Amino acid sequence: MKRWALLLLCGLAACSRDAGDWHQQAQELIGGQEPRSLPAAVLAQATYCEEQALALDSTRAETYFSLARLYRARGAYEDETRLWRGLLAQHPDLNEAYAGLGASMAAQGRYNAASRAFQDALRRDYRTAQVYLQLGNVYQALGHVQKNLSSAEAAYQAALELDPNQPDALLQLARVEVALKRPEEALRFYRQALQLAPGDQGIRTELAA
């Protein structure tokens, strides 16, 4: 009898919680950490809390952003895409969400759709080094079409203009130069990348090749 009473009380307590309570609990579980670093059980619990928050109030942008990061950490990219679309349906002027949508689509190999989403972000003046880097990666993945390699080159150069200390952008740019058959340019970018990340064995291997 006591057990049933306890379960009833727990159920009533859950029912009395509002969206803010669920969101707050999720943030306490995350504790300021990167979601990918959380134990699987904690990640699942935090996801459940944010899903409850969203079910109770679908207008809170902070819930969408938090839940999207949790979905990304779990590899639930289709759920993440659905979430970004839901947020943009309510807030089409929320520029950062276009970049999130692009990243989730790129993770699924939907590169053409991802490039459109990243371009939407850029057109709305959400111009960050990360967006240009991700757009460059998308174009590079579509490199079987020659013009996409040139677009990838331009995107990586734009990323480096915003933040020149990006070994990954330099590495990717070097790979594009190799694909464009410009070995001297590729060599220059490989060396710059290695200067920024001297312990990166992958860069050393590609540079040697």
Side-chain angles (χ1 to χ4, degrees), residues 1-111 113-122 124-135 137-138 159 162-163 166 168:
M1 185 65 179
K2 289 182 178 180
R3 181 185 177 189
W4 283 109
L6 180 59
L7 289 173
L8 179 61
L9 286 172
C10 291
L12 290 172
C15 290
S16 67
R17 302 174 75 182
D18 63 17
D21 294 331
W22 285 109
H23 177 68
Q24 180 61 33
Q25 183 176 349
Q27 296 310 300
E28 290 173 358
L29 289 164
I30 296 168
Q33 301 179 67
E34 282 295 321
R36 288 185 188 276
S37 69
L38 296 172
V42 177
L43 182 59
Q45 190 176 358
T47 302
Y48 174 80
C49 289
E50 290 292 27
E51 287 174 338
Q52 296 305 304
L54 190 65
L56 289 169
D57 185 353
S58 62
T59 66
R60 297 165 59 98
E62 62 268 28
T63 303
Y64 283 92
F65 280 105
S66 178
L67 186 53
R69 287 191 293 270
L70 293 167
Y71 281 150
R72 171 67 59 88
R74 300 182 73 180
Y77 303 119
E78 291 183 4
D79 288 334
E80 184 188 354
T81 295
R82 173 182 52 78
L83 202 65
W84 289 123
R85 289 193 183 282
L87 178 57
L88 286 168
Q90 296 183 56
H91 302 286
D93 58 340
L94 198 55
N95 303 339
E96 186 178 353
Y98 290 97
L101 178 62
S104 69
M105 287 181 166
Q108 298 170 66
R110 299 167 61 184
Y111 299 121
S115 70
R116 289 193 294 271
F118 286 130
Q119 288 164 357
D120 282 338
L122 293 172
R124 289 167 170 80
D125 288 329
Y126 189 72
R127 301 173 183 272
T128 69
Q130 186 63 23
V131 169
Y132 278 115
L133 175 61
Q134 291 175 311
L135 179 59
N137 292 343
V138 166
L162 290 172
D163 180 5
Q166 293 185 84
D168 190 35

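Every value quoted in this text rests on a predicted model; they were computed, and no experiment measured them. We're numbering straight along the sequence, starting at 1.
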**Fill in**
Value for CG (Asp163) from OH (Tyr132), rounded to nearest 0.5 Å, stands at 14.0 Å

**Asked** Can you find a pair of side-chain heavy atoms, one from Ile30 and one from Leu70, that are under 4.5 Å apart?
**Response** yes

**Message:** Does Asp57 form a side chain to side chain contact (heavy atoms under 4.5 Å, CB included) with Thr63? I'd like the steps, not just the answer.
**Reply:** CA-CA 9 Å; Asp57 185 353; Thr63 303; over 6 Å; no

**Asked** Donor-acceptor pair, Gln166 side chain versus Ala159 backbone, under 3.5 Å?
**Response** yes

**Asked** Do NZ/NE/NH1/NH2 and the carboxylate oxygens of Asp120 and Arg116 come within less than 4.0 Å?
**Response** no

**Request:** Would you sort out whether Glu50 and Trp22 count as a side chain to side chain contact (heavy atoms under 4.5 Å, CB included), showing the intermediate values?
**Result:** CA-CA 6 Å; Glu50 290 292 27; Trp22 285 109; 5.9 Å; no

**Request:** In sequence, state the C-alpha distance, the side-chain angles, and the governing distance for Glu78 and Arg82, and then conclude on side chain to side chain contact (heavy atoms under 4.5 Å, CB included).
**Result:** CA-CA 6 Å; Glu78 291 183 4; Arg82 173 182 52 78; over 6 Å; no

**Message:** Working to the nearest 0.5 angstrom, can you tell me the gap between Leu94 CG and Leu101 CG?
**Reply:** 12.0 Å

**Asked** If you measure from CG on Leu122 to OH on Tyr98, what distance do you get to the nearest 0.5 Å?
**Response** 12.5 Å

**Message:** Would you compute the distance between atom CG of Leu87 and atom CG of Leu67 and round it to the nearest 0.5 angstrom?
**Reply:** 11.0 Å

**Request:** Indicate whether the side chain of Tyr48 and that of Gln25 have a donor and an acceptor atom separated by less than 3.5 Å.
**Result:** no

**Request:** Evaluate the criterion side chain to side chain contact (heavy atoms under 4.5 Å, CB included) for residue pair Arg36 and Arg72; output intermediate values, then yes/no.
**Result:** CA-CA 8 Å; Arg36 288 185 188 276; Arg72 171 67 59 88; 3.5 Å; yes

**Message:** Distance check, rounded to the nearest 0.5 Å: His23 atom NE2 versus Leu54 atom CG?
**Reply:** 11.5 Å

**Asked** Is a side-chain donor-acceptor pair under 3.5 Å present for Gln90 with Thr59?
**Response** no

**Prompt:** Is there side-chain contact between Asp93 and Arg124, with heavy atoms separated by less than 4.5 Å?
**Reply:** no

**Item:** Check: Tyr64 ring centroid to Trp84 ring centroid under 6.0 Å
**Value:** no

**Request:** Check Leu162 against Arg127 and note the closest heavy-atom contact, atom names and distance.
**Result:** CD1-O, 3.9 Å

